[in-house]
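Everything numeric here is computed off the predicted structure, so don't read it as measured data.
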Amino acid sequence: MATRREHENGLGLSTEFAARELALIQELSPLLPEPSWLLEEWKRLVTKYRVSGKNSHDARLVACMNLSGIGAIPTFNVPDFSRFHGIEAVHPKTV
């Protein structure tokens, strides 16, 4: 998303700039561990919400959120997360 072109719903950042920003974010925010049961939660969501294609990546994020007790995600693709009950998708421009 960071390096994806703006007209493709990205930020249009260079790889180098995005890498520096990611390093800063990692200093400020803890990384979530990937529990062994993440695969099972992902499969449950994909089946329940009939997710396919590239949206399966969104389902994986939601699976991790569910297992970690996180209820909101900042995203430029708010509609992609609307199918998942209990998840609040927030566009960064509204924060």
Side-chain angles (χ1 to χ4, degrees):
M1 173 173 81
T3 57
R4 187 182 299 163
R5 292 179 221 156
E6 290 183 54
H7 73 275
E8 294 173 337
N9 210 19
L11 296 175
L13 304 177
S14 71
T15 303
E16 295 78 14
F17 185 82
R20 287 192 303 270
E21 290 297 303
L22 179 58
L24 290 173
I25 290 169
Q26 286 178 300
E27 287 178 21
L28 298 172
S29 302
L31 294 177
L32 297 174
E34 289 195 14
S36 59
W37 54 91
L38 178 62
L39 175 62
E40 293 305 315
E41 177 65 1
W42 174 79
K43 289 190 312 187
R44 185 187 73 77
L45 292 171
V46 167
T47 302
K48 178 178 180 178
Y49 295 107
R50 303 178 57 91
V51 179
S52 63
K54 67 180 183 176
N55 289 18
S56 64
H57 298 289
D58 298 336
R60 188 175 181 284
L61 290 172
V62 172
C64 192
M65 292 169 66
N66 287 346
L67 295 172
S68 301
I70 296 171
I73 184 169
T75 179
F76 289 106
N77 299 311
V78 171
D80 289 353
F81 289 88
S82 63
R83 73 173 85 196
F84 301 108
H85 300 280
I87 297 297
E88 179 185 8
V90 181
H91 195 286
K93 289 183 180 179
T94 65
V95 177

Test side chain to side chain contact (heavy atoms under 4.5 Å, CB included) applied to Val90 and Val95, step by step: CA-CA 8 Å; Val90 181; Val95 177; 3.6 Å; yes
Answer yes or no: is there a donor N or O on one side and an acceptor on the other, between the side chain of Thr47 and the main chain of Arg44, under 3.5 Å? no
So, for [X] and [Y], which heavy atoms are closest and what is the spacing to 0.1 Å?
X: Ala59; Y: Phe84; result: CA-CZ, 3.8 Å
X: Ser56; Y: Trp42; result: O-NE1, 3.0 Å
X: Arg50; Y: Arg83; result: O-NH1, 3.7 Å

Measuring from atom [atom1] of [X] to atom [atom2] of [Y], what distance do you get when rounded to the nearest 0.5 angstrom?
X: Glu88; Y: Phe81; atom1: CD; atom2: CZ; result: 12.5 Å
X: Ser29; Y: Leu22; atom1: OG; atom2: CG; result: 10.0 Å
X: Asp58; Y: Thr75; atom1: CG; atom2: OG1; result: 7.0 Å
X: Leu45; Y: Cys64; atom1: CG; atom2: SG; result: 11.5 Å
X: Glu41; Y: Met65; atom1: CD; atom2: CE; result: 11.5 Å
X: Asn66; Y: Leu38; atom1: CG; atom2: CG; result: 10.0 Å

Should the pair Tyr49 and His85 be assigned to parallel (<30°), tilted (30 to 60°) or perpendicular (>60°) ring geometry? tilted
Are [X] and [Y] joined in one hydrophobic group, where the rule is that I, L, V, M, F, W and Y side chains link up if heavy atoms are under 4.5 Å apart?
X: Leu67; Y: Leu39; value: no
X: Val78; Y: Phe76; value: no
X: Val46; Y: Leu61; value: yes

If you draw a 6.0 Å radius around CZ in Arg60, do more than 12 non-hydrogen atoms from other residues or ligands fall strictly inside? no
